[in-house]
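Written below as structure tokens is the structure these notes are about.
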Number of protein chains: 2
Amino acid sequence: MDRVDDILAQWHRERPDLDVAPMGLIGRINRLSHHLGRGMEKTFAAHGLTAASFDVLATLRRSGRPYSLSPGDLLGTMMITSGTLTNRIDQLEKAGLVERRQNPEDGRSVLIALTEKGFAVIDATVTAHVATQARLIEGLSKQDRVALDALLSRYLKVFESGTSEGKS
Amino acid sequence: MDRVDDILAQWHRERPDLDVAPMGLIGRINRLSHHLGRGMEKTFAAHGLTAASFDVLATLRRSGRPYSLSPGDLLGTMMITSGTLTNRIDQLEKAGLVERRQNPEDGRSVLIALTEKGFAVIDATVTAHVATQARLIEGLSKQDRVALDALLSRYLKVFESGTSEGKS
DNA sequence: CGCGATTATCTTGACGTCAAGATAGGCGCC
DNA sequence: GGCGCCTATCTTGACGTCAAGATAATCGCG
């Protein structure tokens, strides 16, 4: 019995004509995402980051040497718009964690690169972050984790099929 | 193979010391929440609402007659802060969908009530919303839905146990 | 080789959200 | 009954996000 069950029971009483089973599943995904996000924010804040800035630094870090990608490349893996990305890069550049470099091969484009400081920050943060995630998931048995992950993966494929785009 | 698999593979190459299994599960929940939210926003917008305003109206509607709750009651079922709620109510009041009434039993408190117009809007919107949700979930087999919902419910209980509060 | 179409990034303006603190009404001990 | 404490709601200021459009550089057809 979670909050979603209460919500569904209320709808069933008020609008018995509606099939609210999908609402339950979608509501649970949303609420879990929210709880998990709040839990992870604290770790980011402890390292001077937000979920937004962590996202950019982590994408650059895991891309491997030379830890630099164009804004367009970053957009491809992040679920945000171009304006949002510009804003994120501005903040990180101001903080000295990334720098904008000219792209020698295309004057329209730019390369966003981790600075030395940025590398140190993201490497320390991601280590703590993984520990936080492990803690956030410890309430679920090993079996449930595997089963849940498999089902989520199958569902996510509906929106992000193969290697192409993930439009909604 | 979704985007999350790509991300995990990159981390495994760059930081083989980290156990990224939790990151996969949490990342999939986040991305699904995002995709689903984007899909549902369009329905809200078609009825002049946002996810935020829908949330308030729906909570009042499903609470049953007389379709009125105090801000404190609303906060109990919504995952937002009091300042955010004040802002949402201000917008809805300006749009004529809810109204603030004095609480005869407690001068500190207020009652937020659906107006006639607000009732009509939310009733029409929720009907369309349920149809949208049914569409967003149709990529998943009936069996998978049931299994996924059961696992999500078990996981959500970690954060929202019983009838008490759901702090993170 | 020049100019229109395309691509890459940034700008603008409007919202939604949060944390922290301010305001204001009620409650209870003395 | 008065005064300090608690509770309910609102205010403030800083961010993050989006949609739509602006700017700037490259591409490609004639």
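For the numbers below, each heavy atom of this structure counts, side chains included, while hydrogens, waters and symmetry mates do not. Residue numbering restarts at 1 for every chain, and letters A, B, ... go by the order of the sequence lines.
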Round to the nearest Å and state the distance from [X] atom [atom1] to [N] atom [atom2].
X         : N       : atom1 : atom2 : value
Lys42(A)  : dC18(C) : NZ    : P     : 13 Å
Glu105(B) : dT9(D)  : CD    : P     : 13 Å
Arg100(A) : dC10(C) : CZ    : C1'   : 8 Å
Leu111(A) : dA8(C)  : CG    : C1'   : 12 Å
Arg101(A) : dT9(C)  : CZ    : P     : 16 Å
Glu41(B)  : dT17(D) : CD    : P     : 13 Å
Leu69(B)  : dT9(D)  : CG    : C1'   : 15 Å
Leu75(A)  : dC18(D) : CG    : P     : 10 Å

Quick one: which of dC18(D), dT26(D), dA19(C) gets closest to the side chain of His34(B)? dC18(D)
Look at the side chain of Ala52(B) and decide which nucleotide, out of dT6(C), dC10(C), dT17(C), has an atom nearest to it. dT17(C)
Are [X] and [N] close enough that a side-chain N or O sits under 4.0 Å from OP1 or OP2?
X         : N       : answer
Arg108(A) : dT23(D) : no
Thr50(A)  : dC15(D) : no
Ser70(A)  : dA8(C)  : no

Quick check on contacts: within residues 81-97 of chain B, what sits under 4.0 Å from DNA chain D by heavy-atom distance? Ser82(B), Gly83(B), Thr86(B)
Quick check: do [X] and [Y] have side-chain heavy atoms less than 4.5 Å from each other?
X        : Y         : value
Glu99(A) : Leu114(A) : no
Leu69(B) : Ile112(B) : no
Met23(A) : His129(B) : yes

Working for side chain to side chain contact (heavy atoms under 4.5 Å, CB included), residues Asp5(A) and Asp2(A): CA-CA 6 Å; Asp5(A) 284 318; Asp2(A) 53 30; 3.5 Å; yes
Can you check side-chain hydrogen bond (donor to acceptor under 3.5 Å, both in side chains) on Gln91(B) and Asn87(B), steps first, answer last? CA-CA 6 Å; Gln91(B) 304 307 316; Asn87(B) 184 42; 3.3 Å; yes
Would you call the rings of Phe159(B) and His35(A) parallel, tilted or perpendicular, taking 30° and 60° as the class edges? parallel
Please test Asn30(A) against Ser33(A) for side-chain hydrogen bond (donor to acceptor under 3.5 Å, both in side chains), starting from the C-alpha separation and ending with a verdict. CA-CA 5 Å; Asn30(A) 280 149; Ser33(A) 175; 5.9 Å; no
